[in-house]
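Atom set for the values below is all heavy atoms of this structure, side chains included, hydrogens, waters and symmetry mates excluded. We count ligands from 1, going down the list as the structure has it; atoms in each ligand are counted the same way.
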Amino acid sequence: MKKEVLEVQSEAIFRMGEFLRNEGFVELLPVIISPLTDPLNHSVYDAKIPYGNGYYSLTKSMIFHKQLALREYPKIFIFSPNVRLETEDKKHTGRHLIEFVQLDLEVKDATREDILDLVERLLVYTMQKLEEKFGAFIKSVNPNFHIPKTPFERVKYLEAKEKLGSDFELLLSKEKGDPFFLIDIPIEEREFYDRLSDDGKTLVDMDLIYPYGFGEGMSGGEREYELDRIIMRMKYKNMNLEDWKWYLEEVKKGIPKSAGCGIGIERFVRFVLNLPSVKDSRLFAKLPGEIAL
Ligand code: AMP
Ligand code: MG
């Protein structure tokens with residue numbers, strides 16, 4: 001691996017953290033094992049460790065711990081190592097690892113719009129700092145590199161799908177020259193915890209899509225926080241409420257209203273440096289379907 005890739009990755013992590021601290025966030029330590037983790041909206045192999053009378057799951061994302069942490073502090077972030085034992089069909093996407101890191105952040109009482117604005121500024125700030133320090137190297141490997149203009153374009157999921165067909169996300173990613181947000185994602189495409197819109201069909205959520213075909217780099221949204229709505233959403237997904245008692249107990253005690261997102265670090269570095277795959281953006285990369293160091 002080129003040593004410059006590691007320098008860019010390290011600087012990106014530093015500058016993202018710096019930006020968020022300047023915005024009043026605190027950094028939390030990651031949670032690696034818990035009986036409670038993200039159910040995800042796609043199937044992965046189970047990563048569970050039996051322990052005592054129960055088990056621990058390896059963290060797929062810290063979504064629920066973020067919600068609980070907001071009781072203590074209103075703006076939080078974590079460089080969160082996630083283990084998702086993705087299936088072999090994802091081996092050649094260029095976007096999937098089975099161990100990756102996301103910059104996971106959450107803000108009490110925020111709206112989706114607050115998070116869109118924050119993410120735009122975070123990405124622009126980080127890219128500017130990377131350009132200042134590594135501009136010559138970045139442009140030598142990525143002739144398309146430029147600082148995107150804000151606000152990023154907002155594209156409505158269902159409108160784009162109707163116009164361009166089911167491959168719309170990749171088509172738009174290839175066609176655009178700047179990152180854009182895909183918003184109002186349909187309920188069946190997402191987990192239960194992103195907030196349902198008044199239309200009852202789409203969520204108050206978003207993905208960030210990188211241009212030049214690099215695809216999704218961030219997902220997030222406003223969250224459900226009221227017990228009756230959460231139970232309704234779990235039932236919609238045919239989830240067994242008994243399996244979710246850890247979470248439901250906490251929701252009964254009250255969790256704050258919030259919005260937030262997670263930005264994949266490997267995918268961000270891949271995008272900035274125009275790398276063929278996320279496996280080129282970190283050391284000890286593990287592709288789906290492989291055993292690797
Ligand atoms: P999600 O909320 O599941 O979309 O995850 C948040 C972000 O983490 C995504 O937008 C990606 O940038 C990143 N991510 C998710 N899954 C993977 C994976 N298997 N490999 C690398 N990055 C991932
Ligand atoms: Mg996503």
Side-chain angles (χ1 to χ4, degrees), residues 9 12-13 16 30 37-45 47 57-67 77-106 112 115-116 119 122-123 126 152 155 157 169-170 173 179-195 203-211 213-224 258-273 275-290 292:
Q9 185 202 87
I13 291 167
M16 287 172 169
T37 193
D38 196 328
L40 303 180
N41 202 49
H42 65 286
S43 43
V44 296
Y45 298 110
S57 287
L58 300 188
T59 294
K60 295 189 191 112
S61 91
M62 276 182 59
I63 175 63
F64 305 124
H65 293 85
K66 288 195 301 178
Q67 289 183 300
F77 71 97
I78 317 103
F79 286 101
S80 173
N82 289 186
V83 173
R84 299 184 185 176
L85 301 180
E86 310 274 7
T87 47
E88 293 81 352
D89 55 299
K90 296 207 163 69
K91 182 168 183 173
H92 299 294
T93 63
R95 291 187 295 121
H96 291 88
L97 296 169
I98 61 169
E99 175 188 57
F100 64 95
V101 173
Q102 57 168 311
L103 170 54
D104 215 354
L105 63 89
E106 199 75 17
R112 172 175 63 186
I115 303 299
L116 295 182
V119 167
L122 167 72
L123 290 185
T126 305
F152 297 175
V155 176
Y157 185 106
E169 187 175 318
L170 184 61
S173 174
F180 63 96
F181 292 117
L182 206 55
I183 59 167
D184 295 351
I185 297 168
I187 183 170
E188 62 276 7
E189 300 291 328
R190 297 292 258 218
E191 297 84 353
F192 74 85
Y193 50 76
D194 282 349
R195 191 162 176 86
L203 306 180
V204 192
D205 63 352
M206 69 286 196
D207 278 354
L208 173 83
I209 311 294
Y210 293 128
F214 286 110
E216 183 205 316
M218 174 281 279
S219 294
E222 293 182 16
R223 316 300 187 185
E224 297 289 359
S258 72
C261 70
I263 304 168
I265 297 299
E266 293 87 349
R267 290 187 187 180
F268 174 73
V269 172
R270 180 192 179 209
F271 162 62
V272 168
L273 295 181
L275 300 171
S277 163
V278 276
K279 85 172 187 321
D280 306 308
S281 71
R282 66 168 294 160
L283 288 179
F284 314 117
K286 297 169 186 79
L287 287 172
E290 274 185 13

Determine, stepwise, if the pair Arg190 / Asp207 fulfils salt bridge (charged side-chain N to carboxylate O under 4.0 Å, His left out). CA-CA 11 Å; Arg190 297 292 258 218; Asp207 278 354; 2.8 Å; yes
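Classification of Asp184 and Arg112 as a salt-bridged pair holds, one side-chain N sitting under 4.0 Å from a carboxylate O. Note on Asp194 versus Arg223: salt bridge recorded, some NZ/NE/NH1/NH2 to OD/OE distance being below 4.0 Å.
Looking at atom 4 (O) of ligand 1, its nearest protein heavy atom turns out to be Ser219 OG, 2.8 Å. Looking only at protein heavy atoms, the nearest one to atom 20 (N) of ligand 1 is Leu97 N, 2.9 Å. For atom 21 (C) of ligand 1, the closest non-hydrogen atom of the protein is Arg95 O, 3.3 Å. Glu216 OE2, 2.5 Å is the protein heavy atom nearest to atom 10 (O) of ligand 1. Counting only heavy atoms of the protein, atom 11 (C) of ligand 1 lies nearest to Arg267 NH1, 3.5 Å. Looking only at heavy atoms of the protein, atom 8 (O) of ligand 1 is closest to Phe100 CE1, 3.5 Å.
Residue-level proximity to ligand 1 for Met218 is carried by the backbone, the only part with a heavy atom below 4.0 angstrom. Using a 4.0 Å cut-off between heavy atoms, Glu266 makes no contact with ligand 1 at all.
Heavy-atom distances between Lys60 and ligand 1 stay at or above 4.0 Å for every pair.
Note: Phe181 and Phe152 meet the aromatic proximity criterion, with ring centroids under 6.0 Å apart. For Tyr210 and Phe180, the ring centers sit 6.0 Å or farther from each other.
No option in Leu275, Val272, Leu273 other than Leu275 meets the side-chain contact (heavy atoms from CB on, under 4.5 Å) test with Ser281. When the options Ile209, Asp205, Leu208 are evaluated for a side-chain contact (heavy atoms from CB on, under 4.5 Å) with Leu182, the one that passes is Ile209.
The Mg ion (ligand 2) is the vertex of the angle joining OE2 of Glu216 and OG of Ser219, which measures 80° to the nearest 10°.
Looking at Arg95, its side chain never comes within 3.5 Å of a backbone N or O of Val278 through a donor-acceptor pair.
Within the listing of ligand 1, atoms 6 (C), 7 (C) sit less than 4.0 angstrom from a heavy atom of Gly262. Near Gly217, the atoms of ligand 1 lying under 4.0 angstrom from a non-hydrogen atom of the residue are 10 (O), 12 (O).
Between Phe214 and Phe271, the ring planes are perpendicular. Angles over 60° get that label, and only those under 30° would be called parallel.
Summarising the geometry of Ser80 relative to Thr59, their closest heavy-atom pair is OG-CG2, 4.4 Å, with the distance given to 0.1 Å.
Residue contact annotation: Met218 places no N/O/S atom under 2.8 Å from the Mg ion (ligand 2).
Considering backbone and side-chain N/O atoms, Glu191 never comes within less than 3.5 Å of an N/O atom of ligand 1. Considering backbone and side-chain N/O of Arg84, one or more are found under 3.5 Å from N/O of ligand 1.
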